[in-house]
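As structure tokens, the structure follows; a few thoughts come after it.
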Amino acid sequence: MAEVKKKNEINVEEALSQSEAFIVKYKTAIIACVAAVIVVVAGVMLYRNYVSEPRAKEAAAALFKGEEYFGMNEYETALNGDSLGYAGFIKIADEYSSTPSGKLAKAYAGISYAQLGKYEDAIRYLSDFDGDDLMVGPAAIGTLGDCYANLNQLDKATAAFMEAASKADNNTLSPVYLKKAGIIFEKEGKYAEAVKAYTQIKEKYINSYQAMDIDKYIDRAKALQK
């Protein structure tokens, strides 16, 4: 038993000696690796504190005036800026593309173009927008559907409306997009799909404004389906 214990102690000592030898042998490389990790972490913190966050604040401040113009339906000025220092959604989206406000400016630009009837420009901005906001994200996709509908690209329109309805999943936006999809489905002769879209409004968004007269749309689509 004593021999086993002594042997274990020797093994531990040998292992420690080997570890020390490894550290001594590769000391320079280990120090270099640790230093590299410190530099990377410090770099990330410096970038966030002195570059990323200040740029995000700049973008938010730049966007604020555009939102005012947008709210007043002054879409040209919102897009292109004014003579008082406001840059415009297009420039903000380009210069601050990595910030949340820069991404939001892209959505505003797309919706503004759509309001001006410039559907292809709107599609270019809206297709490139990727946002998780529960209102802006679905609104951007829904506007994309309106653009496709106005360009008579009906399959793309219904796909966008159905996606917008699913992403929003609320009584405010979802019934609007489902109803638009249903009407286009009817126009395409896809009456079964129209019934499904209308029925979602009745079953899932019963408290919405669109649900008030949805039965007549369901009945019409079902009658045309026969």
Do D94 and K91 sit within salt-bridge range, that is, some charged N less than 4.0 Å from a carboxylate O? no

Output for pair (D128 CG, K106 NZ), nearest 0.5 Å, gives 3.5 Å

Group every Ile, Leu, Val, Met, Phe, Trp and Tyr by side-chain heavy-atom contacts under 4.5 Å, then state whether L151 and I111 land in the same group. yes

Do D215 and I218 have side chains that approach each other closer than 4.5 Å (heavy atoms only, starting at C-beta)? yes

Could you state whether Y108 and M72 fall into the same hydrophobic cluster, counting links through intermediate Ile, Leu, Val, Met, Phe, Trp or Tyr residues with side-chain heavy atoms under 4.5 angstrom apart? yes

Are the side chains of L154 and K187 in touch, meaning some heavy atoms are under 4.5 Å apart? yes

How about E163 and L144: do any of their side-chain heavy atoms sit closer than 4.5 Å? no

Regarding D146 and K180, does a basic nitrogen lie under 4.0 Å from an acidic carboxylate oxygen? yes

Taking every heavy atom of V136 against every heavy atom of A107, the minimum-distance pair comes out as CG1-CB, 4.0 Å

Drop me the distance from Q200's CD to I214's CD1, to the nearest 0.5 angstrom. 11.0 Å

Do the ring planes of Y69 and Y86 sit parallel (below 30°), tilted (30 to 60°) or perpendicular (above 60°)? tilted

Side-chain heavy atoms of Y113 within contact of Y125, under 4.5 Å: yes

Closest heavy-atom contact between A164 and Y177? CB-CD1, 3.5 Å

Pair K65 + D82, salt bridge at N-O below 4.0 Å: no

Let me confirm one number: the SG-NZ distance from C147 to K156, rounded to the nearest 0.5 Å. 12.0 Å

CD on E68 to CG on L63, rounded to 0.5 Å: 10.5 Å

Check whether S127 reaches the backbone of R124 with its side chain - one donor and one acceptor, N or O, closer than 3.5 Å. no

From CA spacing to verdict: side-chain contact (heavy atoms from CB on, under 4.5 Å), Q115, N73: CA-CA 9 Å; Q115 292 294 324; N73 301 331; over 6 Å; no

Do L178 and I183 sit in one hydrophobic cluster, given that two such residues count as connected whenever their side-chain heavy atoms are within less than 4.5 Å of each other, even indirectly? yes

Nearest heavy atoms of Q210 and I201, plus distance in Å: C-CG2, 4.1 Å

How close do A194 and G182 get, heavy atom to heavy atom, and via which atoms? CB-O, 3.5 Å

Separation between CE (M162) and NZ (K196), nearest 0.5 Å, reads 9.0 Å

Stepwise side-chain contact (heavy atoms from CB on, under 4.5 Å) test for V195 and F185: CA-CA 9 Å; V195 171; F185 279 136; over 6 Å; no

Side chain to side chain donor-acceptor pair (under 3.5 Å) partner of Y198, chosen from K222, E203, E186, K179: E186

So L126 and I141, side-chain contact (heavy atoms from CB on, under 4.5 Å) or not? Walk me through it. CA-CA 7 Å; L126 294 170; I141 299 168; over 6 Å; no

What I'd like to find out is whether the side chain of L104 reaches to under 4.5 Å of the side chain of I92, using heavy atoms alone. no

In this structure, are over 12 heavy atoms from other groups packed under 6.0 Å from M212 atom CE? no

Given 3.5 Å as the limit, does a donor-acceptor pair link the side chain of S208 with the main chain of Y205, or not? yes

Which pair of heavy atoms, one from S174 and one from A165, lies closest together, and at what distance? OG-O, 2.8 Å

Flag yes if F129 and L116 sit in one hydrophobic cluster, no otherwise; membership is Ile, Leu, Val, Met, Phe, Trp, Tyr, and two members link when side-chain heavy atoms are under 4.5 Å apart. yes

Report yes or no: do Y217 and F161 belong to one cluster of Ile/Leu/Val/Met/Phe/Trp/Tyr joined by side chain heavy-atom distances under 4.5 Å? no

Looking only at heavy atoms, which two atoms of A157 and A149 are closest? And how far apart? CB-N, 3.7 Å

Hey, is the main chain of D155 close enough, under 3.5 Å, to the side chain of T158 for a donor-acceptor pair? yes

Are the side chains of Y75 and F70 in touch, meaning some heavy atoms are under 4.5 Å apart? yes

Less than 4.5 Å apart, any side-chain heavy atom of S112 and any of F89? yes

